[in-house]
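The structure appears below as structure tokens.
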Protein chains: 4
Amino acid sequence: MQNPESPKYQQQKQAAIRAAAAVFARKGFHGASTTDIASEMGIKQGSLYYYFKSKEEALAEVCLYGIRDYVQRMEEIARDDAPFEVRLLATVRSHLSSYREKNEALKVHNDERLYLPEIKRIKLKQLGSHYRELLEGIFEQGVRDGALREDLDCHFAAQSVIGICNAWGELIVRDPRLDVEQVITKVNDLLLRGLAPMGAKA
Amino acid sequence: MQNPESPKYQQQKQAAIRAAAAVFARKGFHGASTTDIASEMGIKQGSLYYYFKSKEEALAEVCLYGIRDYVQRMEEIARDDAPFEVRLLATVRSHLSSYREKNEALKVHNDERLYLPEIKRIKLKQLGSHYRELLEGIFEQGVRDGALREDLDCHFAAQSVIGICNAWGELIVRDPRLDVEQVITKVNDLLLRGLAPMGAKA
Amino acid sequence: MQNPESPKYQQQKQAAIRAAAAVFARKGFHGASTTDIASEMGIKQGSLYYYFKSKEEALAEVCLYGIRDYVQRMEEIARDDAPFEVRLLATVRSHLSSYREKNEALKVHNDERLYLPEIKRIKLKQLGSHYRELLEGIFEQGVRDGALREDLDCHFAAQSVIGICNAWGELIVRDPRLDVEQVITKVNDLLLRGLAPMGAKA
Amino acid sequence: MQNPESPKYQQQKQAAIRAAAAVFARKGFHGASTTDIASEMGIKQGSLYYYFKSKEEALAEVCLYGIRDYVQRMEEIARDDAPFEVRLLATVRSHLSSYREKNEALKVHNDERLYLPEIKRIKLKQLGSHYRELLEGIFEQGVRDGALREDLDCHFAAQSVIGICNAWGELIVRDPRLDVEQVITKVNDLLLRGLAPMGAKA
DNA sequence: AATGAATGAGAGTTCATTCAT
DNA sequence: TATGAATGAACTCTCATTCAT
């Protein structure tokens with residue numbers, strides 16, 4: 001809207017995005033009202049429109065906010081030259097701790113982004129694809145290094161990692177008592193070694 | 001509401017549930033209107049109330065419908081006395097083919113059931129817990145049989161299986177070209193053996 | 001909306017259009033609220049949307065209603081093979097009595113139609129142009145017959161007739177005590193003979 | 001509000017009135033927003049209230065501005081001792097060139113003044129009546145001088161002149177290519193001599 | 001002299017729900 | 001068994017207005 005440099009404005013806008021994320025995560029996009037969001041951040045409903053042009057735009061901004069540094073962290077992991085096991089663990093940790101540490105924006109991105117019109121989803125799609133490609137690259141490297149099976153379907157593997165992390169992410173969000181670090185370890189272990197005992201036949 | 005035994009009524013009621021499932025899956029509970037549901041089944045909006053007392057009840061019935069025979073199939077699998085590998089595969093197959101074969105009700109159960117008031121969710125919770133417990137039982141049996149690692153956290157494992165199946169289920173629903181049988185095989189394999197090559201150190 | 005054949009629906013829709021016309025005439029399009037319109041026709045605000053998709057559509061329908069038989073009457077006058085003086089009088093009479101007899105829709109058309117988006121104004125434009133062309137045709141015939149000056153600018157004349165009639169129309173609407181028949185006579189006379197005495201030099 | 005004498009203030013106030021006139025003319029009183037007006041004059045919305053106590057007051061000032069020197073010019077014409085034909089032409093010219101030369105305030109006065117509360121319209125009414133009376137006086141003088149028909153209804157004539165001028169005024173505002181001087185001539189001629197050929201019977 | 005920020009009232013619109021028929 | 005008609009509450013969004021700075 002106005003002077004987007006004003007620090008006060010920037011700060012409030014951030015608060016608005018976080019409030020929207022919290023409410024969307026709790027009630028879903030259509031189930032959440034702008035009154036909910038406004039009162040979550042302690043202003044009146046009409047004032048919300050000082051920060052968002054529309055409820056839909058609020059969703060767009062939350063989704064972007066949710067996925068942005070999630071992708072960025074993956075870029076760092078991909079850039080890093082560590083062995084596969086380290087990078088997988090980093091990936092799982094980054095993904096799962098997003099759900100606990102930061103806020104609910106990632107969950108909102110996963111669950112509600114489809115309610116955005118195609119055109120507002122382009123950027124999100126790019127980021128999502130980018131994430132998956134980076135992850136696939138890590139898997140391909142893992143195959144070359146012998147850290148993964150030769151016949152691995154890297155696309156399938158990447159989707160599965162994302163899927164299982166999102167599933168546990170939801171559980172983490174819903175149950176605040178869950179020990180995230182422990183979940184991270186177990187997910188990582190499951191992904192690497194599966195459930196069967198070592199040396200079991202295929 | 002009268003004559004709820006009449007076969008015509010039963011038949012239309014089923015159609016109503018399926019229509020609601022389709023629409024809820026597509027637009028979410030709050031995003032779907034009763035007009036959407038009615039027109040999906042080819043009747044007028046007001047007529048819906050002949051089959052559902054309220055929109056919320058429609059959701060409840062869809063969720064129940066979605067999870068009921070999903071649980072039932074799990075009961076059959078659990079009752080069966082097959083080796084663990086067979087039962088895991090059966091579980092994954094049952095779960096994933098639900099998404100393709102039957103209808104969208106399971107997805108609706110997963111994504112929208114939280115919008116039901118606590119009281120209408122009791123039955124669903126029971127069924128869900130029952131499912132998880134059956135699955136955990138299968139895992140425990142697998143541990144005893146030596147088909148799974150001794151130190152396996154069976155609760156974690158069950159949740160993970162459910163999570164990864166739901167994740168792939170969403171992908172299956174969204175992309176009709178996916179080869180479900182292939183996904184089943186790969187998911188099953190990933191769960192059993194993980195991504196690392198055989199004989200890799202822990 | 002629904003079965004547009006239902007006589008009840010048609011009847012109520014007419015009432016809605018007339019109510020909207022009255023309110024728009026009184027308060028202008030932007031100054032009128034849908035609550036005003038609804039209460040003018042004795043229903044609740046939300047129910048208005050059973051008859052109009054939007055307030056804007058209500059305006060469109062009022063305008064169309066206002067101009068439609070106004071044009072139609074002009075077509076009859078144009079078709080008729082009467083001498084010019086008769087047809088001019090008929091035109092003025094038709095135009096001015098519209099304002100008194102029928103309703104406020106013509107005034108709304110004149111004053112508010114510009115608030116419609118271009119696309120909803122096409123039909124109105126056609127009708128308006130048609131009206132003016134018919135009137136110009138009458139003037140051209142009058143020139144040929146010698147009832148009008150040879151050098152008359154028929155386009156100018158038509159616009160002027162329309163303009164002066166609309167101006168008196170507004171006065172008629174605003175002041176119910178005005179004797180319309182007398183106004184008709186005087187306007188007709190002014191148009192034909194002007195203000196100057198007979199035989200005055202140009 | 002302080003220092004209303006400061007020349008800068010006076011200048012900006014004039015700009016505000018002109019901006020409001022332009023916007024009201026384009027969108028109507030209710031259709032125009034204070035943001036529109038502010039941005040038309042290049043300031044921010046809140047700053048408008050430095051010049052107007054309220055939007056309604058802005059309308060009042062625009063109307064007054066629009067009609068004031070319109071009346072004043074009429075006073076000059078009335079004071080002048082010219083023959084009737086000269087004064088009529090001067091009247092028409094003054095009225096129509098207002099629409100082109102000055103600004104949109106006169107149109108706003110004509111179309112929107114009724115949205116002012118009775119009390120704020122008193123002054124306008126006085127001015128309008130004064131104008132009409134002056135014009136009627138001119139007509140009465142014309143009758144006495146033999147420049148007009150003996151039986152002329154001067155009130156009717158004055159209203160008609162005003163009406164036809166306003167009608168053409170709207171056309172002038174809407175179509176910038178119209179040759180105003182030509183319209184003036186033709187309107188004047190129509191008023192004086194009517195449409196019929198010289199010497200036609202009544 | 002002007003603005004950024006906020007507000008509260010009211011707008012148009014949608015929609016779950018009811019009910020006579 | 002189904003529908004047309006209506007309703008009232010909730011919702012998103014706009015906007016005139018205020019005021020500290």
Side-chain angles (χ1 to χ4, degrees), chain A residues 1-3 6 8-9 12-13 30-38 42-58, chain B residues 1-3 6 8-9 12-13 30-38 42-58, chain C residues 1-9 12-13 30-38 42-58, chain D residues 1-3 6 8-9 11-13 30-38 42-58:
Chain A
M1 197 155 282
Q2 22 249 102
N3 194 359
S6 144
K8 168 100 183 276
Y9 184 85
Q12 283 284 75
K13 172 107 190 192
H30 287 112
S33 75
T34 53
T35 306
D36 293 334
I37 300 173
I43 62 175
K44 294 292 156 58
Q45 188 252 3
S47 312
L48 206 59
Y49 285 76
Y50 195 63
Y51 300 103
F52 297 124
K53 255 194 354 246
S54 68
K55 188 186 170 189
E56 195 177 271
E57 217 204 56
Chain B
M1 241 45 104
Q2 54 264 39
N3 246 18
S6 123
K8 171 88 182 286
Y9 182 88
Q12 284 285 76
K13 171 103 189 194
H30 287 113
S33 74
T34 54
T35 306
D36 293 334
I37 301 173
I43 63 174
K44 293 290 158 57
Q45 187 207 18
S47 315
L48 251 198
Y49 287 75
Y50 195 69
Y51 300 105
F52 298 123
K53 244 182 22 232
S54 70
K55 187 184 169 192
E56 197 176 85
E57 215 202 61
Chain C
M1 199 152 283
Q2 22 249 101
N3 194 359
E5 301 339 311
S6 146
K8 168 100 182 276
Y9 184 85
Q12 284 284 76
K13 172 107 191 194
H30 287 114
S33 76
T34 52
T35 306
D36 293 333
I37 300 173
I43 62 175
K44 295 290 156 60
Q45 188 250 5
S47 312
L48 206 60
Y49 285 75
Y50 195 65
Y51 300 103
F52 296 123
K53 255 192 354 244
S54 67
K55 188 186 171 190
E56 194 177 271
E57 216 203 58
Chain D
M1 240 47 100
Q2 53 267 38
N3 245 18
S6 122
K8 171 91 182 285
Y9 182 88
Q11 192 180 330
Q12 283 286 75
K13 171 103 189 193
H30 287 113
S33 75
T34 54
T35 306
D36 293 334
I37 301 172
I43 63 174
K44 293 291 159 55
Q45 187 207 16
S47 314
L48 252 197
Y49 286 75
Y50 194 69
Y51 300 104
F52 298 123
K53 242 182 26 232
S54 70
K55 186 184 170 192
E56 199 176 84
E57 215 202 60

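This is a predicted model, so every value here is computed, not measured. The chains referred to below are lettered A, B, ... by the order of the sequence lines, with proteins before strands, and numbering in each begins at 1. We use all heavy atoms of the structure for the numbers below, so side chains are in, but hydrogens, waters and symmetry mates are not.
Residues that satisfy the side chain to side chain donor-acceptor pair (under 3.5 Å) test with B:Q45, not counting sequence neighbours, are B:T34. Under the rule for a salt bridge (charged side-chain N to carboxylate O under 4.0 Å, His left out), C:K44 has no partner lying at least two apart in sequence or in another chain. Partners of A:K13 by salt bridge (charged side-chain N to carboxylate O under 4.0 Å, His left out), not counting sequence neighbours, listed by chain and number: A:E61. For D:S33, the side chain to side chain donor-acceptor pair (under 3.5 Å) partners at least two apart in sequence or on another chain are D:D36.
Each of B:I43 and A:D36 has a nearest nucleotide on DNA chain F; the 5'-most of these lies closest to B:I43.
Contact annotation: A:K44 reaches the phosphate of E:dG8 (side-chain N/O to OP1 or OP2, under 4.0 Å). OP1 and OP2 of F:dA6 both lie 4.0 Å or more from every side-chain N or O belonging to C:Y50. One finds no side-chain N or O of C:Q12 lying less than 4.0 angstrom from the OP1 or OP2 phosphate oxygen of F:dG4. The side chain of D:Y51 places an N or O atom within less than 4.0 Å of a non-bridging phosphate oxygen (OP1 or OP2) of E:dA2.
When all heavy atoms of D:L48 and D:I43 are compared, the closest pair comes out as N-CD1, 3.9 Å. Contact detail for A:Y9 and A:Y50: the closest heavy-atom pair is OH-O, 3.2 Å. In plain terms, the two heavy atoms of A:Y49 and A:S54 that are nearest each other are CE2-CA, 4.0 Å. Between C:H30 and D:H30, the shortest heavy-atom distance links the atoms CB-CB, 3.3 Å.
Stretches of at least 3 consecutive Watson-Crick or G-U wobble pairs, with each checked distance under 3.5 Å, appear in DNA chain F as E:2-21 with F:2-21.
The distance between atom CG of A:L48 and atom P of E:dT7, rounded to the nearest whole Å, is 11 Å. Rounded to a whole Å, the CZ atom of A:F52 is 16 Å from the C1' atom of E:dA6. Note: NZ (B:K13) to C1' (F:dT1) measures 15 Å, nearest angstrom.
Distance check: D:E57 CD to D:Y51 OH gives 14.0 Å after rounding to the nearest 0.5 Å.
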Subject >> Letter per nucleotide, 5' to 3', of nucleotides 16-21 of chain E [B base touched, S only sugar-phosphate touched, - untouched; heavy atoms, 4.0 Å] >> reply: BBB---
